[in-house]
**Q** 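Attaching a single structure in structure tokens format; questions to follow.
Computation of the quantities below employed the complete heavy-atom set of this structure, encompassing side-chain atoms and omitting hydrogens, waters and symmetry-equivalent molecules. Every value quoted in this text rests on a predicted model; they were computed, and no experiment measured them.
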2 protein chains.
Amino acid sequence: MRVRLKDIAKDLNLSKMTISKVLRGQTDISDETKARVLKRVKELKYIPNISASSLRTGQTKTMGLVLPSIGKPHLSAIVDGIRHAAGAQGYGLIVSPSQEDAEYEQRQIEVFLSLQVDALLIVSLQETTTFFEQMQRSKSIPLVFVDHRPAGIMQNYVGLHDVEVGRIACEHLIHCACKRIAYLRGPRTAAADMRAKGYRQALNEHGLAVQSDLVVESMHPEESEYRRGYEATVRLLQRRGRPDGVMAYSDMMAVGAMDAAISQAVRIPEEMCFVGCGDDALLCSMRIPLTSINIAGRELGLKAGQLALAAIGGGNGSRPQRILIKPRLVRRKSSDGHC
Amino acid sequence: MRVRLKDIAKDLNLSKMTISKVLRGQTDISDETKARVLKRVKELKYIPNISASSLRTGQTKTMGLVLPSIGKPHLSAIVDGIRHAAGAQGYGLIVSPSQEDAEYEQRQIEVFLSLQVDALLIVSLQETTTFFEQMQRSKSIPLVFVDHRPAGIMQNYVGLHDVEVGRIACEHLIHCACKRIAYLRGPRTAAADMRAKGYRQALNEHGLAVQSDLVVESMHPEESEYRRGYEATVRLLQRRGRPDGVMAYSDMMAVGAMDAAISQAVRIPEEMCFVGCGDDALLCSMRIPLTSINIAGRELGLKAGQLALAAIGGGNGSRPQRILIKPRLVRRKSSDGHC
DNA sequence: ATCCCAACAGTTTACGGTATCGTTCAAGCG
DNA sequence: CGCTTGAACGATACCGTAAACTGTTGGGAT
């Protein structure tokens with residue numbers, strides 16, 4: 001059987017209340033008793049029972065994070081940030097993958113609610129929002145959306161400044177002397193739209209025309225990102241006016257695009273420049289290191305965690321916010337030909 | 001405030017005991033009352049408080065999984081398998097990344113213990129085992145090691161049959177008519193040793209000599225796997241007797257190795273065949289699809305989950321086991337030249 | 001000497017759910 | 001008609017912890 005407060009108390013001839021007080025740092029215990037207790041607690045490897053504590057206090061000092069998959073590298077940094085924010089305040093973090101399944105996502109959220117987590121962070125791919133809206137209204141616990149924002153959710157969101165992503169990528173290509181810049185837009189999401197907006201803004205600001213035929217969408221959404229980038233680029237290269245710069249929605253698409261160009265004997269970066277997004281550590285060490293938009297995932301997670309903690313803390317300066325993280329360009333060989 | 005049993009009871013003029021019984025499927029409640037309760041429970045969106053339940057029953061119907069990182073794609077399938085096993089028995093699963101940090105790993109385990117999970121599954125990169133041994137001895141809750149096995153831990157382990165991995169990869173290259181087969185061994189782990197063993201076995205069985213200079217270790221362990229595969233292969237190609245087959249510890253190393261060969265104008269698979277390990281979905285769609293050893297991650301997770309559940313269940317046919325999953329070869333272009 | 005108040009420790013009660021046993025009441029039986 | 005029986009539901013105690021309160025010292029101020 002596990003060690004309980006009572007056991008330690010009996011062992012030291014104290015009441016369990018005294019042990020509890022020591023462990024929670026109450027001040028009305030003599031230093032000597034404190035030391036004795038702490039020593040025995042360590043010896044017996046006492047681990048507090050959060051269930052019991054939570055029952056009494058209504059708090060578990062634990063936050064829950066639901067994310068679509070544990071296989072995505074860029075989520076790792078975000079989780080790290082959240083964990084760091086949580087740890088700094090003595091909070092634990094537990095995670096649950098939803099396997100990109102809406103129904104399962106709901107079940108996981110319920111598991112977390114059953115476990116009485118103090119706040120819920122959600123990276124959701126869902127576009128339907130009724131479930132979340134209900135939760136927000138019921139005000140059971142703070143809800144923070146991370147990285148992805150279901151349509152309709154405007155508050156308690158920490159994500160990427162997608163307009164800036166589009167603008168920075170495009171601006172960089174313009175500085176690389178690219179005149180015809182293509183945008184391989186990814187999924188049909190609000191984020192991709194925002195980036196398209198930044199892309200157009202950058203073109204406009206530099207007096208370049210926006211040519212809608214250079215914004216290409218994938219034909220086969222079920223294909224891998226690599227394939228989709230590859231095929232889209234093959235199509236671009238078959239047309240008359242070849243692009244001389246390509247920005248892709250993701251790194252994987254950019255790599256596919258580069259391989260397509262290489263297969264057509266296009267020289268990179270002399271004839272064509274490429275910019276990805278995500279700054280995936282795996283990909284930057286490939287043959288032609290890819291210029292990419294770095295998403296400060298750790299910072300993103302940190303802010304999200306802090307937002308959640310502030311919301312737990314209550315009203316004191318914690319009204320619903322919307323935080324957008326500014327991206328950062330990382331120059332590599334795929335675009336530094338004519339910079 | 002959250003809905004409690006008491007609220008539902010008051011609402012229906014019943015005692016909370018009755019509600020509890022209905023929800024746990026006790027039989028001494030009339031069908032009519034049952035229906036009334038269930039209806040109201042759904043309407044009020046009652047979510048049980050596991051904390052309270054666990055306090056009384058000693059169970060949370062929840063398992064905890066600690067893994068080094070959430071960024072590794074191959075862990076995704078494993079988690080999915082565990083979750084499936086858990087779900088089938090009405091168990092929840094919560095996950096926690098340790099960020100490959102031993103100290104943090106311990107803290108996460110303690111968080112799980114505080115939350116009173118019924119079993120703990122661990123994917124640990126740690127080689128030191130004292131902490132785990134202590135836990136196993138103290139017999140607080142079942143402990144199952146998944147995918148990686150800390151040295152010294154022999155029981156309750158579900159992992160990959162690494163000897164088979166080495167053998168199958170090597171045998172395949174032999175069938176591809178390769179005569180000089182190199183093994184790019186990865187980290188200095190027991191797993192890499194086991195694969196080397198399988199590699200030697202396969203060579204012996206087919207009457208090929210084991211040449212120790214064809215088993216190469218990385219010079220720069222801090223580099224990315226891609227780079228390490230690349231550089232190791234460059235070195236191999238500089239020697240007199242070039243290998244005509246290469247098996248790598250991981251897919252990423254294999255891709256690096258292939259790129260090195262390509263950069264030296266070696267034709268793949270005509271002049272040189274490559275086999276990776278992991279069967280990463282991202283990589284199989286690259287220019288030269290990579291033959292790889294598929295690890296049935298989902299099955300692995302499933303077995304691990306079942307093992308944990310059996311251990312929770314108690315003595316009935318659940319003594320400590322050691323389960324090794326057989327790998328499977330997936331042939332692709334990187335090796336099908338002379339098959 | 002008396003009172004008061006730190007400083008310290010113990011008691012009581014409550015959290016939300018569940019195991020166990022008890023109660024009620026109508027039906028069935030000899 | 002008294003008794004048993006059993007279905008349907010309720011009362012109580014308890015799980016491990018914590019808040020709020022109650023005691024018990026002993027020492028300094030009055």
Side-chain angles (χ1 to χ4, degrees), chain A residues 1-38 40-41 44-62 90 110-111 113-118 140-141, chain B residues 1-38 40-41 44-62 90 110-111 113-118 140-141:
Chain A
M1 200 53 190
R2 287 259 297 267
V3 185
R4 294 153 301 171
L5 284 186
K6 201 200 288 182
D7 302 322
I8 298 173
K10 203 171 292 176
D11 191 276
L12 294 174
N13 272 323
L14 292 167
S15 84
K16 58 180 185 169
M17 209 47 240
T18 306
I19 318 297
S20 174
K21 283 179 178 174
V22 171
L23 291 177
R24 282 175 299 126
Q26 300 262 85
T27 52
D28 64 342
I29 303 290
S30 69
D31 287 345
E32 194 211 322
T33 308
K34 229 179 259 185
R36 278 206 311 150
V37 170
L38 254 23
R40 208 78 190 94
V41 160
L44 296 178
K45 293 197 212 312
Y46 168 75
I47 291 181
N49 184 330
I50 293 191
S51 287
S53 171
S54 110
L55 201 53
R56 191 64 238 257
T57 62
Q59 285 201 101
T60 49
K61 292 273 177 190
T62 304
E110 276 163 24
V111 168
L113 292 177
S114 305
L115 287 169
Q116 314 294 113
V117 294
D118 296 341
S140 46
I141 53 170
Chain B
M1 200 53 189
R2 289 258 296 266
V3 184
R4 293 153 303 169
L5 283 187
K6 203 200 287 180
D7 302 321
I8 297 173
K10 203 171 292 175
D11 192 277
L12 295 174
N13 269 324
L14 292 166
S15 80
K16 60 177 186 171
M17 208 47 240
T18 306
I19 317 297
S20 172
K21 283 179 175 175
V22 170
L23 292 176
R24 282 173 302 128
Q26 298 263 82
T27 51
D28 64 340
I29 304 290
S30 71
D31 288 345
E32 193 212 322
T33 307
K34 232 180 255 185
R36 277 207 310 151
V37 170
L38 254 23
R40 207 81 190 91
V41 161
L44 296 178
K45 293 195 213 312
Y46 169 75
I47 293 181
N49 184 330
I50 293 191
S51 288
S53 168
S54 108
L55 203 53
R56 189 66 235 256
T57 63
Q59 285 200 99
T60 50
K61 291 276 177 185
T62 303
E110 277 163 22
V111 168
L113 292 177
S114 305
L115 286 170
Q116 313 294 111
V117 293
D118 296 339
S140 48
I141 52 169

**Q** Grab the CD1-P distance between A/Ile50 and C/dC15 for me, whole Å please.
**A**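 Going from A/Ile50 (CD1) to C/dC15 (P), I get 21 Å.
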**Q** Which heavy atom of B/Leu12 sits nearest a heavy atom of B/Val37, and at what distance?
**A**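 Taking every non-hydrogen atom into account, CD1-CA, 3.8 Å.
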**Q** Just the rounded figure in Å: distance from P of C/dA7 to NZ of A/Lys21.
**A**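 After rounding, the gap between these two atoms is 14 Å.
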**Q** With DNA chain C as reference, determine whether A/Arg56 or B/Ile47 sits nearer its 5' end, using the nearest nucleotide of each.
**A**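 In this pair, the answer is A/Arg56.
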**Q** Rounded to whole angstroms, how far apart are CD1 on A/Ile29 and P on D/dT25?
**A**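 It works out to 17 Å between those atoms.
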**Q** What's the NZ-P distance between B/Lys10 and D/dC9, to the nearest Å?
**A**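 Distance check: B/Lys10 NZ to D/dC9 P gives 20 Å.
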**Q** OP1 or OP2 of D/dC9 less than 4.0 angstrom from a side-chain nitrogen or oxygen of B/Thr33, does that happen here?
**A**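 Checking D/dC9 against B/Thr33, a side-chain N or O does come within under 4.0 Å of OP1 or OP2.
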**Q** Could you give the distance from CD1 (B/Ile8) to CG (B/Leu44), rounded to the nearest 0.5 Å?
**A**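 It comes to 5.5 Å.
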**Q** Less than 4.0 angstrom from a charged side-chain N to a carboxylate O is my criterion; do B/Arg4 and B/Asp7 meet it?
**A**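 Yes, charged N to carboxylate O under 4.0 Å.
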**Q** Taking any heavy-atom pair under 4.0 Å as a contact, classify B/Asn49: base, sugar-phosphate, or nothing.
**A**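 Sugar-phosphate contact only.
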**Q** Figure out the CG/C1' separation between B/Leu5 and C/dT18, and round it to whole Å.
**A**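 My rounded result for the distance is 9 Å.
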**Q** Taking the nucleotide of DNA chain D with the closest heavy atom to each, which residue, B/Thr27 or B/Ala52, is nearer the 5' end?
**A**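 Its nucleotide being nearer the 5' end, the pick is B/Thr27.
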**Q** With a cut-off of less than 4.0 Å, is there a side-chain N or O of B/Ser30 near OP1 or OP2 of D/dA8?
**A**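 Looking at the OP1 and OP2 atoms of D/dA8, neither is under 4.0 Å from any side-chain N or O of B/Ser30.
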**Q** Taking OP1 and OP2 of D/dT17, is either one under 4.0 Å from a side-chain nitrogen or oxygen of A/Tyr46?
**A**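 So the side chain of A/Tyr46 is within the cut-off, an N or O lying under 4.0 Å from OP1 or OP2 of D/dT17.
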**Q** Let's see if you can work this out: which of C/dG17, C/dA19, D/dG16 has an atom nearest to the side-chain heavy atoms of B/Met17?
**A**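 Out of C/dG17, C/dA19, D/dG16, the nucleotide with an atom closest to B/Met17's side chain is C/dA19.
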**Q** Quick one: does B/Lys16 reach the base of C/dG17 with a side-chain donor-acceptor pair under 3.5 Å?
**A**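 Result: at least one qualifying N/O pair found.
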**Q** Applying side-chain contact (heavy atoms from CB on, under 4.5 Å) to A/Leu14 and A/Ile19, what does each step give before you reach the verdict?
**A** CA-CA 8 Å; A/Leu14 292 167; A/Ile19 318 297; 4.3 Å; yes
**Q** Please confirm whether the shortest side-chain N or O distance from B/Arg2 to OP1 or OP2 of C/dG16 is below 4.0 Å.
**A**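 Answer no for this pair, as no side-chain N or O of B/Arg2 is under 4.0 Å from OP1 or OP2.
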**Q** How is A/Leu14 classified with respect to the nucleic acid when contacts are heavy atoms under 4.0 Å: base, sugar-phosphate, or nothing?
**A**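 It contacts sugar-phosphate atoms only.
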**Q** Identify, between B/Gln26 and B/Leu55, the residue whose nearest nucleotide on DNA chain C lies closer to the 5' end.
**A**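 Result: B/Leu55.
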**Q** Measure CZ/A/Arg36 against P/C/dC8 and give the value in whole Å, please.
**A**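 It is 14 Å, rounded to the nearest whole Å.
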**Q** Please name the pair of heavy atoms, one in B/Arg2 and one in A/Gln116, separated by the smallest distance, quoted to 0.1 Å.
**A**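 Heavy atoms only, the tightest pair is NH2-OE1, 3.0 Å.
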**Q** Reckon B/Arg4 has a side-chain N or O less than 4.0 Å from the OP1 or OP2 of C/dG17?
**A**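 B/Arg4 to C/dG17 OP1/OP2: no side-chain N or O under 4.0 Å.
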**Q** Tell me whether the OP1 or OP2 atom of D/dA18 has a side-chain N or O from A/Ser53 closer than 4.0 Å.
**A**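 Checking A/Ser53 against D/dA18: at least one side-chain N or O falls below 4.0 Å of OP1 or OP2.
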**Q** In this structure, how many angstroms lie between the P atom of C/dG17 and the CG atom of A/Leu113, rounded?
**A**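 Atom CG in A/Leu113 sits about 14 Å away from atom P in C/dG17.
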**Q** Looking at A/Ser15, I'd like to know whether one of its side-chain N or O atoms comes within less than 4.0 Å of OP1 or OP2 on C/dA9.
**A**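 No, no such contact exists.
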**Q** Which of the following nucleotides, C/dG10, D/dC9, C/dG17, is nearest to the side chain of A/Thr18?
**A**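 Closest nucleotide to the A/Thr18 side chain: C/dG10.
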**Q** If you take all heavy atoms of B/Asp118 and B/Ile141, which pair is closest and at what distance?
**A**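 Answer, listing the atom of B/Asp118 first, then B/Ile141: O-CB, 3.7 Å.
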**Q** May I have the distance from A/Leu23 (atom CG) to D/dT17 (atom P), rounded to whole angstrom?
**A**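 So the CG-P distance, A/Leu23 to D/dT17, works out to 9 Å.
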